[in-house]
Amino acid sequence: MSRLNCPFCQIEEQQIIFQNELVISFRDGFPISPRHTLIIPKRHIASFFELTAQEHQALFEALHILKTEIDQEFTPDGYNIGINDGLAAGQTVMHLHVHLIPRYKGDCTDPRGGVRWIFPEKAAYWL
Ligand code: AMP
Ligand code: ZN
């Protein structure tokens with residue numbers, strides 16, 4: 001996936017909800033919860049591990065600002081913060097993005113385990 005066919009390199013100005021010098025943020029196009037938000041580096045890189053120290057800092061600053069905004073607007077009860085890094089880990093858009101996923105009490109039957117549910121048969125370690 002090059003810049004030319006990368007959906008995140010085609011994000012339009014009006015979709016951007018926050019940006020700083022190095023990262024931009026917009027709502028996920030197929031949200032799994034209200035205010036599901038993505039944060040990406042402006043630079044087209046695939047992996048979290050390619051971030052420079054400055055991009056890393058800019059990304060985490062944005063994460064905190066966006067979380068505070070969502071808290072004020074929707075008062076979620078928790079968050080999942082996630083990166084699918086690499087095809088084997090489920091990444092479908094090969095431009096690094098951090099998922100900021102607000103969670104709401106009762107939004108699923110039993111939220112315990114969170115990201116462990118990528119392997120449902122191993123998730124419930126407490127049973
Ligand atoms: P991942 O599986 O982590 O690569 O997730 C890709 C995410 O990008 C998914 O949550 C999609 O809903 C989201 N997505 C894909 N295309 C677009 C798009 N054009 N605009 C906004 N979000 C998108
Ligand atoms: Zn891109």
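Since the model is a prediction, treat every value here as computed from it, not as a measurement. First listed ligand is number 1; within each ligand, the first listed atom is number 1.
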The Zn ion (ligand 2) - closest N/O/S atom in His44: ND1

Side-chain (Lys42) to main-chain (Asn20) donor-acceptor, under 3.5 angstrom: yes

Give yes if a backbone or side-chain nitrogen or oxygen of Asn84 is under 3.5 Å from a nitrogen or oxygen of ligand 1, and no if not. yes

Which distance, rounded to the nearest 0.5 Å, do you find between the CZ of Phe49 and the CG of Leu96? 10.0 Å

With a sphere of 6.0 Å drawn around CD of Gln14, does it hold more than 12 non-hydrogen atoms of other residues, nucleotides or ligands? yes

Indicate yes or no: does an N/O atom of Val93 lie under 3.5 Å from an N/O atom of ligand 1? yes

Do any nitrogen or oxygen atoms of Gly90 lie less than 3.5 angstrom from nitrogen or oxygen atoms of ligand 1? yes

Check step by step if side chain to side chain contact (heavy atoms under 4.5 Å, CB included) holds for His36 and Phe30. CA-CA 8 Å; His36 180 176; Phe30 306 87; over 6 Å; no

Just distances here: any N/O of Asp28 and N/O of ligand 1 closer than 3.5 Å? yes

Give the atom numbers and elements of ligand 1 that come within less than 4.0 Å of a heavy atom of Thr92. 1 (P), 2 (O), 4 (O), 5 (O), 6 (C)

For the 3.5 Å polar cut-off, considering only N or O atoms, please tell me whether Arg27 and ligand 1 meet it. no

Which heavy atom of Trp126 sits nearest to which heavy atom of Gly113, and what is that distance? CH2-N, 3.7 Å

shortest atom 18 (C) of ligand 1-to-protein heavy-atom contact is with Phe8 CE2, 4.1 Å

Could an N or O of ligand 1 be found under 3.5 Å from any N or O of His97, whether backbone or side chain? yes

To the nearest 0.5 Å, how far apart are CD1 in Ile70 and CD1 in Ile65? 12.0 Å

Is the backbone of Thr37 close enough, under 3.5 Å, to the side chain of His97 for a donor and an acceptor to pair up by distance? no

Heavy atoms only: which of Gly82, Pro31, Gly29 lies closest to atom 21 (C) of ligand 1? Gly29

Roughly, to 10 degrees, what angle do Cys9 atom SG and Cys6 atom SG form around the Zn ion (ligand 2)? 120°

For ligand 1, indicate whether the residue His99 contacts it via side chain, backbone, both or neither (heavy-atom separation under 4.0 Å). side chain

Of all N, O or S atoms in His95, the one closest to the Zn ion (ligand 2) is ND1

Sorted by chain and residue number, the salt bridge (Lys or Arg N to Asp or Glu O under 4.0 Å) partners of Asp77 (sequence neighbours excluded) come out as none

Are there over 12 heavy-atom neighbours, none belonging to Arg116, within less than 6.0 Å of that residue's CZ? yes

Near Gln91, which atoms of ligand 1 are under 4.0 Å from a heavy atom of that residue? 4 (O)

Considering only non-hydrogen protein atoms, determine which one is nearest to atom 19 (N) of ligand 1 and report residue, atom name and distance to 0.1 Å. Pro7 CB, 3.9 Å

Taking Met1's backbone N and O only, do any of them form a donor-acceptor pair with His44's side chain (distance below 3.5 Å, no angle check)? yes

